[in-house]
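Step one of this worksheet: look at the structure below.
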There are 2 protein chains.
Amino acid sequence: MRWQDIDQQPCSLARTLAIIGDNWTLLVLRDCFMGVRRFDDFQQRLGVTRHVLSDRLRKLTEGGVLDKVAYQERPLRHEYRLTAMGKELYPVIVHLAQWGDKHLAGEHGAPLTRYHRQCGEPLEAQLQCSHCGDTVKPTDIRVEENPYWAGQILVNS
Amino acid sequence: MRWQDIDQQPCSLARTLAIIGDNWTLLVLRDCFMGVRRFDDFQQRLGVTRHVLSDRLRKLTEGGVLDKVAYQERPLRHEYRLTAMGKELYPVIVHLAQWGDKHLAGEHGAPLTRYHRQCGEPLEAQLQCSHCGDTVKPTDIRVEENPYWAGQILVNS
DNA sequence: GACTATAAGTTCCAAATAGGAACCAACTGT
DNA sequence: ACAGTTGGTTCCTATTTGGAACTTATAGTC
């Protein structure tokens, strides 16, 4: 199986990673959430080569995560903005960065600290059930297979 | 900048992705959370080539996400288990899969559904501040730069 | 004793992708 | 006329991936 074919799998994680799972792509999104919008700004901040950046921005745009909009005519110039769908990836970024803060910070501490505006404390995000509002721990989650793919996804052990 | 050097950046997300951001790695972790532990099981479920799998498992082990433990001697056989640090990545997997469920499900619906055991409803996870217990929206987060890297990370606009 | 199977890889080669640098198009400003 | 800006594309080389075969150590079967 080639990496470029993983979007064919009956797995939401695989399909998501087909759009945002390539090397560099999540760093592009990090910068999107910081307000970066232009090709050259991404390129300078990331240090990625221009044609890799071009490819990643194209995949993100085709995947509906970014929107390529003209910000001027003559000469025509475009910038990339997060769509509503793209903004919903923020929790992923937060949890990834938080994991890095906790486990990979060097001697100078975490490069960035996120604060919860309402209570003013450094944010330690966790999962919450939007239905009942309770905190959700991994063991509180029960996974059920769609009958259409019965036996193909879950490990039977 | 080469992808393999991104762990040098003053960014927790970049450092995290240096361990788990390669192609295939998050799918390996998905299977870990489903209880897969053995090389050949990962290989068959993922369809990834053996030497890429070997490389990813080594990086995850060196990064402290997985633990390689012998489950028998003669012949010596190892399996891979999530460490406590690795288990803390579960929220990342949940949010990624949830995003795929919502935006990329095909005609047969989401392959897996996660339920919140306590309330019995399909889980729609969101961020919660572990300090005050409130729901956290993206706009509720204020980011502050560590003075050591002042001006190097945030976009000034 | 010879053969087959199992598990966890390693090795080999061709094909695809990434890194680095230069180039291009369509303007604007000096 | 010439340099600068923006958003790429093109070229070449180096690294990584995909696919398949091979290896090692042992257990079980004929």
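Proteins get letters first, then strands, A, B, ... in listed order; numbering begins at 1 in each. Scope of the values below: all heavy atoms of this structure, side chains included, with no hydrogens, waters or symmetry mates.
- Under the side chain to side chain donor-acceptor pair (under 3.5 Å) criterion, B:R50 pairs with B:D40, B:Q43, sequence neighbours left out.
- Taking atom CG of residue B:D41 and atom P of nucleotide C:dT6, one finds them 13 Å apart after rounding to whole Å.
- Under a 4.0 Å N-O distance rule, the pair A:K102/B:E88 qualifies as a salt bridge.
- The aromatic ring centres of A:H95 and B:H95 sit less than 6.0 Å apart.
- B:R58 comes within 4.0 angstrom of no nucleic acid atom, judged by non-hydrogen atoms across all strands.
- Ring to ring, A:H103 and A:W99 are close: their centroids are under 6.0 angstrom apart.
- In the interface, the side chain of B:R77 is paired with the base of C:dA7 through a donor and an acceptor atom under 3.5 Å apart.
- Rounded to whole Å, atom P of C:dA18 lies 15 Å from atom CD of A:Q43.
- Between A:R56 atom CZ and C:dG19 atom C1' the separation is 12 Å, expressed in whole Å.
- In this structure, CG of B:L57 is placed 14 Å from C1' of C:dA7, rounded to the nearest angstrom.
- Residue B:D31 holds its CG atom at 9.0 Å from CG of B:D41, rounded to the nearest 0.5 Å.
- A salt bridge between B:E144 and B:R142 is present, with a side-chain N of the basic residue lying under 4.0 Å from a carboxylate O of the acidic one.
- Between B:M34 and A:L154 the shortest side-chain heavy-atom distance falls below 4.5 Å.
- Between A:W24 and A:V52, the closest side-chain pair of non-hydrogen atoms falls below 4.5 Å.
- The end-to-end axis angle of the helix from C:dG1-D:dC30 to C:dT30-D:dA1, rounded to 10 degrees and based on five pairs per end, is 10°.
- Heavy-atom minimum distance, A:I19 versus A:K59: CG2-O, 4.3 Å.
- Checking C:dT28, C:dA8, C:dG20 against the side-chain heavy atoms of A:H51 singles out C:dG20 as nearest.
- Across the interface with DNA chain D, nearest-nucleotide mapping of A:S54 and A:Q4 shows A:S54 to be the residue nearer the 5′ end.
- Contact annotation for A:R74: backbone-only contact, meaning every heavy-atom pair under 4.0 Å involves sugar-phosphate atoms and none involves a base.
- A close approach under 4.0 Å does not occur between any side-chain nitrogen or oxygen of A:K59 and OP1 or OP2 of C:dT17.
- With rounding to whole Å, B:L53 atom CG is found 15 Å from C:dA7 atom P.
- Distance, B:R50 CZ to C:dC12 P: 17 Å, rounded to whole Å.
- Side chains of B:V69 and B:E79 form a contact here, defined as non-hydrogen atoms less than 4.5 Å apart.
- Residue contacts for B:R2: at a heavy-atom cut-off of 4.0 Å it reaches the sugar-phosphate backbone alone, with no base atom in range.
- Between the CZ atom of A:F39 and the C1' atom of C:dC24 there is a distance of 14 Å, given to the nearest Å.
- Residue contacts for B:Y80: at a heavy-atom cut-off of 4.0 Å it reaches the sugar-phosphate backbone alone, with no base atom in range.
- Using a 4.0 Å heavy-atom distance criterion, A:Y71 is classed as a sugar-phosphate-only contact.
- Bracketed by its first and final contacts, the part of DNA chain D lying under 4.0 Å from non-hydrogen atoms of chain A reaches from D:dT5 to D:dG19 in 5' to 3' order.
- Separating the CG atom of A:D55 from the P atom of C:dG19 is a distance of 11 Å, rounded to the nearest angstrom.
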